[in-house]
Each structure stands twice: as structure tokens, then as C-alpha cells.
Amino acid sequence: MSLWARVNQLPQHILEQIRFIYGSNFPIEVRHYLAEWIEERLQNASMFINDQENAYEQEAANFLNQLIIELERTAVSLPENNLTIKIRLNESARNFRQLFSHNPSQLYHHLITCLQRERQCVAYPEECATVQDPEVNEVFTAVQQLQIMVRTNENDNRNLLKEYEHLLLEVHEMQKNRAQLETIEHAEMRQHAHNQLVQHQKMVNDRLQLCTGKRLALVDGFRKTILITGEVQTKVLNKYLSQWKINQGFAGNGASTMSASNLDTIQAWCESLAEIIWSTKDQIRLAIKNKSKLHVEQDDVPDLLPQAMVDVTNLLKTLITNTFIIEKQPPQVMKTNTRFAATVRLLVGNTLNIKMVNPQVKVSIISEAQAQQTQQTNKASEQSCGEIMNNIGNLEYNETTKQLSVSFRNMQLKKIKRAEKKGTECVMDEKFALLFQSSFAVGHGDLVFSVWTISLPVVVIVHGNQEPQSWATITWDNAFADINRIPFQVPDKVCWNQLAEALNMKFRASTGRLLTQENMHFLCEKAFKTSLPYPVQNDLTIMWSQFCKEPIPDRSFTFWEWFYAAMKVTREHLRGPWMDGSIIGFIHKSKAEDYLLKCPRGTFLLRFSDSELGGITIAWVNEGNDGQPQILHIQPFTAKDFSTRSLSDRIRDFDDLYYLFPNKPKHEAFDRYTTPVGPPRNKNYIASEVRAVLMPGPNNNPMNSYPNTPSYNIQSPDASRDTPSSGMSMITHNPVYQHRYASAYETCLQADGLLSPFDGSSESMAFTPSHVSGSPLRPLPSVSVNSSSSVASSIPQGTALTVTVPGACISNQQPTDYQHHHLGENITTLGSGTDNRSDGGTQNQQYLSSLTASTAYPSPGSLVQSDSNQQQIKLPPTDFSMTDDPDERIADDLLSNEQPVQNAPCTRMPAGATGFLNLDDLSWFQPN
């Protein structure tokens, strides 16, 4: 059942929450009709990580294009009676193209977030039912109430104006009667007129009192509107918008920023508040104008309108300055001379017609001290501590999204000026910020606002090796920054459980799966460098220095460096198996051994190495010589090893591994991630395959070898030879064919007389004509050379080479004509993954080392019989220089030594441009 189908089985109030989360820009019909398609493509998608920004944006752009195509295809496939839905889907496709083409990651991130919320609601419906903040509904209700109050104030103001006009008419009539009274001479008539004038005066006074009462009621309405507006505005700005800004920091650590009050909702609130404030301001201005125009002031009645005007203007200023926000934060670890982007947005730009002037926005980089000064003075600093290119843009209004924003896409930090360091501070501890500032007029130009906003803290680096410590600074800041802090102060000591949650969120965002409670406890013990009870106490605290400054005992790296390296290698090379739960990773070596000792032979698990940054090792159950279970550990693999051959491929190569702990067959866990064998890229070449090979333990210790399998007799050049001791390590003919990866070919080789059955002794390599009598000769396996040191020589271009094989390999039959192949296809390299593993040994005797071996079979070459004791396979001249790549070194110094390795019964002579390779012991010589 799809996730969307399960969502639709939830209670109605939870469904309403989910529909609210998707917002107005993503119709719920799209989610419904493309449910399976959306879930399939976003199932393993990761949240935005700053150090993956370019790849993330490309992934988002591809998703947007595919979504639009799928929408249009679905609309076409719907039956004609679903005309409304067809129109809706096509309209959505057009809107997505208009809304998100310039910023596809906005839609991509939004959908990932919505799917996460759906999973939460499906897994924990009871908890989700209470997640909805009741104050959200209170804000909506309060806004609606304020809109009613504004309309009421407007009507009252209109009615008051009419009363004033009637009062003026009555006053004018009374003044006219008073003037006529002065002209009446008849006493009786004069008395009658006077009585009428008194009554008229009383009526005017009554109307004046009525107008005064209505004016005071109107002023009171203004004050109530301003008061409630201020309360709602404070809640929107200080709670929801501030929390949205804090969530940006949490999102930098990978936390899910799910909230009912998303930015579009906040903008809707702010726009409504702006309309309320602006209408109230207009009504107050009109009331002051009418009062001044009609001259109906009363000395004993206080004039409260000017103060109301001040209060409403302050509300407007607060709203405008706080709704100038950074919608898309710049990368928090910023490298000089590297392009980066950011987006700022004015949430009330549409309401106040600021869009008509397209205000200019300027960006500068400021230090922590300058950020503090800007906050204290509430004035954007004119100072800067660096130079940013392409740092000026204009706010532009998008008619479709109803947003006033500007996206800086090509900013680049050219220079940075750093402050003097204190104590043990380093450049990766120093925080900067981007300052965005603008200025514009509102209304009729009588109000000019200068707005500014500061980004999340930024660490500036000049080299990639500064990233780990820089991300430590940012991770700590994002996790423990207070809403109303002084930039950019954070506590030096925090609760471990809070830090663990931040690390958990960061690891999940980077790799796709949360850590287990066992993993978290392991990290706690590693950070505190001691054993701790489970669960740990809530009041356990950790210092900043423990987190990323003090090295782990007996190691040269800190806890954070170790954690970051494990996260990085998982994200780049192990994401699939980690998300499947196939990698335990964070577990003590001793505990892993305890688990495995209870399992059958061949059971294995994967854990991150304690000794090597970014290393992951395989521990498995083997059977010792005494028949008892024995736990072996393979030397850790790193990102460099996985660039040659993936973890899943290596696990497939190791025949001694059967079950993933506790009892899952390894093919079920890893086959989906192995590399399929494909056809050769060029049909003129024979395909080759790289495979992982296990090496023997130190000194061929039987405890580290494989019982019931041939031993790995790997030889190195002895001191009596003239080859450099740090140069090539030669693999003899015997172990090359003894290795289990050659086992599939041994039958063929033995039948051809090229290989006799092995008994582990040197005599087993003695071939006799009886082994090959009557057998056809087949292509020889390629020579394999173990390269363990830096070899920089190369085979001269145009060199003709001849490979010599033992004469016993000659068949009584006439040899077949073979095609020629380059030396690089007949002599392949055995690279051991890391450069410093020499002579087939291991750096750490606790581990069993492994190699990656390239296996290739040459096409038939031209067999030339030189004499009765030797058979020559003529190889064509090389037309390329051999590689100097450390992972692909060829046995080229073997061909360029003035005193070549000699182990064959022939005269030792300096190697020239032509010579022979003796496959019996892989020595190089020239014929007499």
C-alpha cells in the first residue's frame, strides 16, 4: 500500500493538517493522482546540505522537469468525464513551470518535507493529532476579528463625518438665527425668537455631545484595533516568524522543519496585518483631518488621535522591518572565490505597493562584532570585512506567487579580513554573516523605511581540509542558538542529549536514516571517552572542547572529526546499505565480537573503524585451527577504496562471508547494490573485472589465515636482488593461481598443461610433457603484479615485448595463431587500496588486509617457438605511456631496472627495449 493510501485512512483532522502543509502552490490533486510516482522518486531523497548544494539543485531541477512531464501525461490519460481534474493537472503543470523554474529546490525541499510529515502521521497518528498548534487557529480568528473591527471603524468614521456635517448645519442655522434676533425690534417677537434660539442652542449642544461621544468611541475603536493588532503581530513575528528563522538553523543541521505555520502562511498573516494597520492609519488620518477642518474641538475632551497615529505608525515600522527576511540562506561554510546564492523576500511587499518601485538590495559580509553593533543600534553598518562580487539586486514581484523577492545567484566572496585570534582560536572558529539592506518609501512617500537582515553565521575557509572543523562550529551554533541572542553567542557547555539529537538529525539528513539508541549510546561513550550506563542521565553535559578540540585518547583526531568522516563516507559510498539497516556502524569492537561469537561461521557485520577516519571494517566469524570460533577483522576500507570497488562488490568477492548479522544471507542484503557485469566497451577488447582479495595476516599467522583453504604465499623481492626494496612486490606464479578467484579457471589451465594440481609445495609447479600431451593450448591468464610503492617509471613507447612461458607448457599440437594485445591488457595491477600498505602486509596487525585484483584473459597472440626449452608469446609494441596513477601502477620499473630481477636459468643482462617475462617466477631477462 502506498504512503498516500495509508494517509487517506487517517482521521479527518489529521488529513486537514496534511492538506494545510502542502499549501496553495501544490494542489492536493497532484499529490493524489501522482502518489506512487512522487513517492518512488522521493523515497531516498535527502534534505538540503550546504556542502552538496550544486548536486542538490541539479537533482531538484531534474525532478521538476519530470514532474511537469508526468502531470501532462497523466492529464492526457484521464477519461473525458474527468474534465475538471484534467484542467486542474494541466494548470498545475503550467504553474510549476512558472513558479519554480528559477528555484526548483524550493518545490523539491517542500515535497520532501511534506512526505516526512506524512510518514510521521502514519507512524504516530496520536502524536500528530496534538501537533497542530492551537494558537494558529487563534491567529486566524484574531485576524478575521480585526478585519471586522476595521470595517466597523470605517463605518463609524463615516457616520461621525455625517454627524459633524449635520452639526455644522445646525451651528450655521443657529448663528443665522442669532443674527436675525439682533434685527427684531418687537419685544414679544424678540422674546419668542430668543426662546427658539435657546432651544436651538440646546439642540446643537446635544448634537455636539453626540458627536463627541461618537468621536471618543471611534478613537477607542482605533485603540482597541491597534492593541489587538499589536498582540497578534507580536505573536506572528516573535513566535512564528522567529521560530521559522530558528528552524533555518535547525535545517542546516538536517532537522525536519515541519510546522503548520510555514512561510506562505506567515506571509498571509503579515499581509492581512499590513492591510489592517494601513487602513487604521488612513482612518486616523481622516479623523484628524475632519476634526481640524470642522473646528469642533472641546477643551475639556482630550485629543487621543495623535497618539493613536504614533502607535499605528510604530506597528507598521515594526512589521515592515521584521518581514524583510532571508528565504534561502547562503552556505554556512563559505569558500573564497566560490560561487554561492541567497534569496531575500519582503513578506508585505504586495500589500503596501512597494513592488511598484523595485527597491535595491545590497549584500555585504560583516564580522561578529559588526553584527552585534548592527543589532544594538538597529542600524545597518556601512562597514564590511570583505569583498563580495555581484552583491546588488532589485526586489521583483512575481505575479504568480505573489512574492516580492530577489535571488542572488552568482555572488562570490573575493576577500576576507579576519579579526585577531584569541588564545587557541583558529580561523574555523571565527563567525561572519551576510548583511542584506534596502531602503524604500511607503504610501505617498511620507514614510521611508531602511530595512536590514543578517544571515545565519558563516565560517569562511580557503581550503577543503578546513571543512570538518568549520562544520563543527556551524553545527554547534545551529543547535544551540537562542532566538534573542547577541550575535553569535552560544553556550560553551550543553546537555549531551540535545547534542546527540542534533548529531542524529544531521546524520539522518546526510545519509537517509536515523541512528539507533545503541548507536547514540556508543557516540556518547566515544565523546566522553569512558563507559557510561544506559540510558545516560538527562543532566549529563558536554563541553565545546570535548566535542571538537580535544583528541580522542591514543588518536590524533577529535570526536567530531571522527563522526564527520563516518558521516561523509556513508553519504558518498554507503547510503543504500545504511538506509536498509545493513550497516550497524556505531558499535564497539568488543561488543561486535560478543555478538558474532554467538553466530555461525561466516556471519559478519560492518562497523566504523576506531582508528582510521572515514574507515569501515568487516568483522566476521571464522573457524580457528583448533575448531573454535574466531573473530577476524578486515583492514578498514575508506572512500579511496570505494572509488575503486564498492563495499557491496567487495562483500560479494569475499567467499568467507555468508550471513549478515544476525542471519540474513549476504546476497539478499547487498546484491541490489553490486555492480552488474556488462559487455566490454569495445568489442575489440577482452573485458576485465576488478575483484577484492584477502591477504594473509602478519607473518602468515595461522590464526589470521583461512582453514581448509590454500595459504596465500605472497613473496616480496629478497634483499639479494637488485630491485629496490620499496619498489615492486612480486606475486609468484603459485599464489596467483591458488587464489580462489582463479579457481573457476584452474580446470581449464590444468587441462591445458599450464597448471598442475596444487598441494602447497614448490614441486607442484613442475610441469612434465605428460601433463599436456594431446591437450590443446588455451589463452594464458594475465600476469598480475602487486604494486605497493610509488613507481613513476614508464615503458618507452614503441617497445616490443616478449612473454616467456615454461617449455613444459608447449603442446604437441601446432600452436594456434593469436591476436596481439597491448601490454596493459596482459600485465595488470594488483592495487591494495591505500598506498602505504606494502609487500602484502597490514599497517595494523589486528586487521586482515585485502587487495583489489584485476582479472583479465588475453586474446590469443602469436606463439613463436624459439627453442626446445622456451616458448615466446610475441606482444606488439606499446603505443601508450604507462600510468602514474597510484591506484593503477603497472610493473614498469621491472622493465627499466639496469639490474633486473633474475630467477630463471639464463644469463643476467641489462634490460633493453626488448626482453622476456618469465611466467615461472615473473622475472625479466634477455635471451643469450
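If you're wondering where the values come from, they're calculated on a predicted model, not measured in any experiment.
- Screening Arg555, Lys526, Lys589 against Asp610 for a side chain to side chain donor-acceptor pair (under 3.5 Å) leaves a single residue, Lys526.
- The two residues Ala619 and Ile631 come nearest to each other via the heavy atoms CB-CG2, 4.4 Å.
- The nearest pair of heavy atoms linking Lys529 to Pro553 is CD-CD, 3.3 Å.
- Looking only at side-chain heavy atoms (C-beta outward), Phe642 and Val569 come within less than 4.5 Å of each other.
- To the nearest 0.5 Å, atom CD1 of residue Ile616 and atom CD1 of residue Ile583 are 4.0 Å apart.
- A salt bridge is defined here as a Lys NZ or Arg NE, NH1 or NH2 lying under 4.0 Å from an Asp or Glu carboxylate O, and Asp653 with Arg645 meets this definition.
- Taking all atoms of both residues into account, the shortest heavy-atom contact from Ala472 to Cys548 is CB-CB, 3.9 Å.
- His573 NE2 to Thr638 OG1: the interatomic distance, rounded to the nearest 0.5 Å, is 8.5 Å.
- The local environment of NZ in Lys568 is sparse, with at most 12 non-hydrogen atoms from other residues, nucleotides or ligands closer than 6.0 Å.
- Residues Gly512 and Arg575 come closest through the heavy atom pair N-NH1, 3.6 Å.
- A distance of 11.5 Å separates OH of Tyr673 from CG of Leu647, quoted to the nearest 0.5 Å.
- Between the side chains of Thr675 and Asp649, at least one donor-acceptor pair of N or O atoms lies under 3.5 Å.
- Ring planes of Phe528 and Trp496: perpendicular class, angle over 60° (limits at 30 and 60°).
- Checked against a 6.0 Å centroid threshold, the rings of Phe661 and Phe604 do not count as neighbours.
- His521 places none of its side-chain heavy atoms less than 4.5 Å from the side chain of Glu518.
- Salt bridge annotation for Asp580-Arg672: present, with a cationic side-chain nitrogen under 4.0 angstrom from a carboxylate oxygen.
- At most 12 heavy atoms of other shown residues, nucleotides or ligands fall within 6.0 angstrom of atom CD in Gln537.
- Looking only at atom types and distance, the side chain of Thr644 has no donor-acceptor partner in the side chain of Asp641 under 3.5 Å away.
- Remark: Lys506 qualifies as a cation-pi partner of Trp471 under the 6.0 Å distance and 45° angle criteria applied to the six-membered ring.
- Using modelled atom types, no side-chain atom of Ser510 and backbone atom of Phe507 make a donor-acceptor pair closer than 3.5 Å.
- In terms of modelled atom types and a separation under 3.5 Å, the side chain of Glu561 and the main chain of Thr558 share a donor-acceptor contact.
- Rounding to the nearest 0.5 Å places OG of Ser582 at 5.0 Å from NZ of Lys664.
- Classification of the Trp560-Phe547 ring pair by plane angle, with boundaries at 30° and 60°, yields tilted.
- In the displayed structure, Asn465 atom CG is contacted under 6.0 Å by more than 12 heavy atoms of other residues, nucleotides or ligands.
- Using a 4.5 Å heavy-atom threshold, the side chains of Thr617 and Phe637 count as separate.
- Within the 4.5 Å cutoff, no side-chain heavy atoms of Leu613 are placed close to those of Tyr564.
- In summary, the side chains of Asp671 and Thr674 do not present any donor paired with an acceptor at a separation below 3.5 Å, with no hydrogens or angles considered.
- Annotation: side chain of Leu523 is in contact with side chain of Leu515 (closest heavy-atom distance under 4.5 Å).
- Atom OH of Tyr659 has 12 or fewer neighbouring heavy atoms from other residues, nucleotides or ligands inside a 6.0 Å radius.
- Aromatic ring pairs are classed by plane angle as parallel below 30°, tilted from 30° to 60° and perpendicular above 60°; the pair Phe608 and Phe586 is tilted.
- Using a 4.5 Å heavy-atom threshold, the side chains of Phe522 and His588 count as touching.
- Of the N and O atoms on the side chains of Trp578 and Thr570, not one donor lies less than 3.5 Å from an acceptor on the other residue.
- Of the inter-residue distances, the one linking Ser646 atom OG with Arg652 atom CZ reads 7.5 Å to the nearest 0.5 angstrom.
- A donor-acceptor distance shorter than 3.5 angstrom exists from the side chain of Glu525 to the backbone of Leu532, with no hydrogens or angles considered.
- Side chains of Tyr658 and Asp655 form no contact here, defined as non-hydrogen atoms less than 4.5 Å apart.
- Separation of atoms CD1 (Ile587) and CZ (Arg607) is listed at 8.0 Å; rounding is to 0.5 Å.
- Annotation for Arg601 and Asp656: closest pair NH2-OD1, 4.0 Å, computed over non-hydrogen atoms.
- Taking 4.5 Å as the limit, some side-chain heavy atom of Asn504 sits within range of a side-chain heavy atom of Met520.
- A distance of 6.0 Å or more separates the ring centres of Phe557 and Phe563.
- Taking both residues in full, the closest heavy atoms of Cys599 and Pro662 are given as SG-O, 4.3 Å, listed atom of the first, atom of the second, then distance.
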